[in-house]
Amino acid sequence: MSVVAHAHPNIALIKYWGKSAQPGNIPAVPSLSVTLNTLTTTTEVMEADTDAFSLNGVPTTDPKVARCLANLRQRFALPPLAVRSSNNFPTAAGLASSASGFAALVTAVDAFCGLGLGPAERSELARQASASAARSVFGGIVALAGPAWQGRPLLDPGDWPVAVVIAVTDTSSKAVSSTEGMRLSATSPYFSGWVESAGADFDAALAAVEARDFAALAELAERSCLKMHGLMLATRPPLLYWNPTTLACLHRIRALRQRGADVFFTVDAGPQVKAICLPGSRDDVVRELTAIPGVTQVLSAGLGPGAWVQ
Ligand code: DP6
């Protein structure tokens, strides 16, 4: 007897970076994201003699998975569990595999153990493991903000047909994890400016999403991304997640937009570039990014649903 759950990664347009001083992995800033559809984490949970975890078929230990289960056990009596998780996309390379991973894990454990949790509670539990995971519990366009710090769906996947094209420039695991990068970012002189200005960016993005105003969202999202990378660059030691191909993609996307394409970029704690576009511009974006030397793979997605049980 086992339960299988699926969840998709999400890409933040207004970035979460930095934690508040409160317990429970509460972000320092609100964020807004799109949940994808073609990239998927599949997680199977079953009873076992002792807890065991495997990722992409390889038995491994992951302190964050152990902490997530320990956190659940503070509230619920869970048996020892074997967790088998796999991704159909590169793991830990800045493609948000921890977001889909913890959304799928909490959803699978909830169903397997009959905990009867609603999506908001699953989102909160996923957030405690990895804050971006709170957003992958929901589909479409999702906000994560206080005071509850649970994901909140803003638009369903079909409400605004946005496409996401991902240029993979390097599939090796990232040098500095998001969690560690955020810890170091407290040394950045720009960190306080980042936190102070995040609320206004978030509010403006909410309004842009509500109005389906792609141009306004493009400006806000690129600014949020570049502000985050600016504070990363000024961190001690500096966090430089980009490679030359990353930068080439950003310039190409800006040039495409100047030629009239509806597209903007975002980059997370890794070298991959995510181009967000309207369907009419998608083929151009795929063609242009594929042609850039150093781009090893181009993945295409639309907006997808929140975590679900098979
Ligand atoms: C750059 O959610 O991975 O992708 O809460 O420490 O697990 P932890 O961090 P994580 O950070 C994601 C950071 C980001 C931006 C974002 O997804 O909002």
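Order of listing sets the numbers, starting from 1, for every ligand and every atom in it. Basis for what follows: all heavy atoms, side chains included, without hydrogens, waters or symmetry-related copies.
- Between F264 and F214, the ring planes are tilted. Angles from 30° to 60° get that label.
- Residue W17 approaches ligand 1 through these ligand atoms, each under 4.0 Å from one of its heavy atoms: 1 (C), 13 (C).
- In this structure S100 satisfies the side chain to side chain donor-acceptor pair (under 3.5 Å) test together with T41, sequence neighbours excluded.
- Between R257 and E222 there is a salt bridge, with a side-chain nitrogen of the basic residue lying less than 4.0 Å from a carboxylate oxygen of the acidic one.
- With distances taken over non-hydrogen atoms, the option nearest atom 18 (O) of ligand 1 out of F102, Y241, Y16 is Y16.
- Atom numbering of ligand 1 starts at 1 in the shown order; those under 4.0 Å from a heavy atom of D268 are 1 (C), 4 (O), 14 (C), 15 (C).
- Contacts of S178 with ligand 1, taken as heavy-atom pairs under 4.0 Å, involve the side chain alone.
- Under 4.0 Å from ligand 1, the heavy atoms of S98 that appear belong solely to its side chain.
- The pair D51-R73 meets the salt-bridge criterion, since a charged nitrogen lies less than 4.0 angstrom from a carboxylate oxygen.
- Using cut-offs of 30° and 60° on the angle between ring planes, the pair H229 and Y241 is perpendicular.
- For R75, the salt bridge (charged side-chain N to carboxylate O under 4.0 Å, His left out) criterion is met by E121, not counting sequence neighbours.
- Neither the backbone nor the side chain of H229 comes within 4.0 Å of ligand 1, counting heavy atoms alone.
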request  = Evaluate the side-chain hydrogen bond (donor to acceptor under 3.5 Å, both in side chains) criterion for residues S98 and S130: first the C-alpha distance (whole Å), next the side-chain angles of each, then the deciding distance (0.1 Å), finally the verdict.
outcome  = CA-CA 7 Å; S98 75; S130 187; 3.2 Å; yes
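- Within the 4.0 Å heavy-atom criterion, neither part of N10 lies near ligand 1.
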message = With side-chain hydrogen bond (donor to acceptor under 3.5 Å, both in side chains) as the criterion, how do N10 and T35 come out once you've worked through the C-alpha distance, each side chain's angles and the decisive distance to 0.1 Å?
response = CA-CA 4 Å; N10 69 78; T35 301; 5.4 Å; no
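- A salt bridge is defined here as a Lys NZ or Arg NE, NH1 or NH2 lying under 4.0 Å from an Asp or Glu carboxylate O, and D284 with R259 fails to meet this definition.
- Annotation: A131 places an N or O atom under 3.5 Å from an N or O atom of ligand 1; distance criterion only.
- Ligand-side atoms of ligand 1 in range of K64: 6 (O), 7 (O), 8 (P), range being under 4.0 angstrom from any heavy atom.
- For ligand 1 and N25, the ligand atoms under 4.0 Å from any heavy atom of the residue are 5 (O).
- For ligand 1, one of its N or O atoms has an N or O atom of S132 under 3.5 Å away.
- K19 counts as a contact of ligand 1, since one of its heavy atoms falls under 4.0 Å from the ligand.
- Considering backbone and side-chain atoms together, S31 places no N or O closer than 3.5 Å to any N or O of ligand 1.
- A salt bridge links D268 and K274; the closest N-O separation between the charged side-chain nitrogens and carboxylate oxygens is under 4.0 Å.
- Interface atoms of ligand 1 facing M182, defined by a heavy-atom separation under 4.0 Å, are 9 (O), 11 (O), 13 (C).
- Heavy-atom proximity to atom 16 (C) of ligand 1, evaluated over R135, R183, M232, is greatest for R135.
- Only side-chain heavy atoms of A12 come within less than 4.0 Å of ligand 1; its backbone N, CA, C and O stay farther off.
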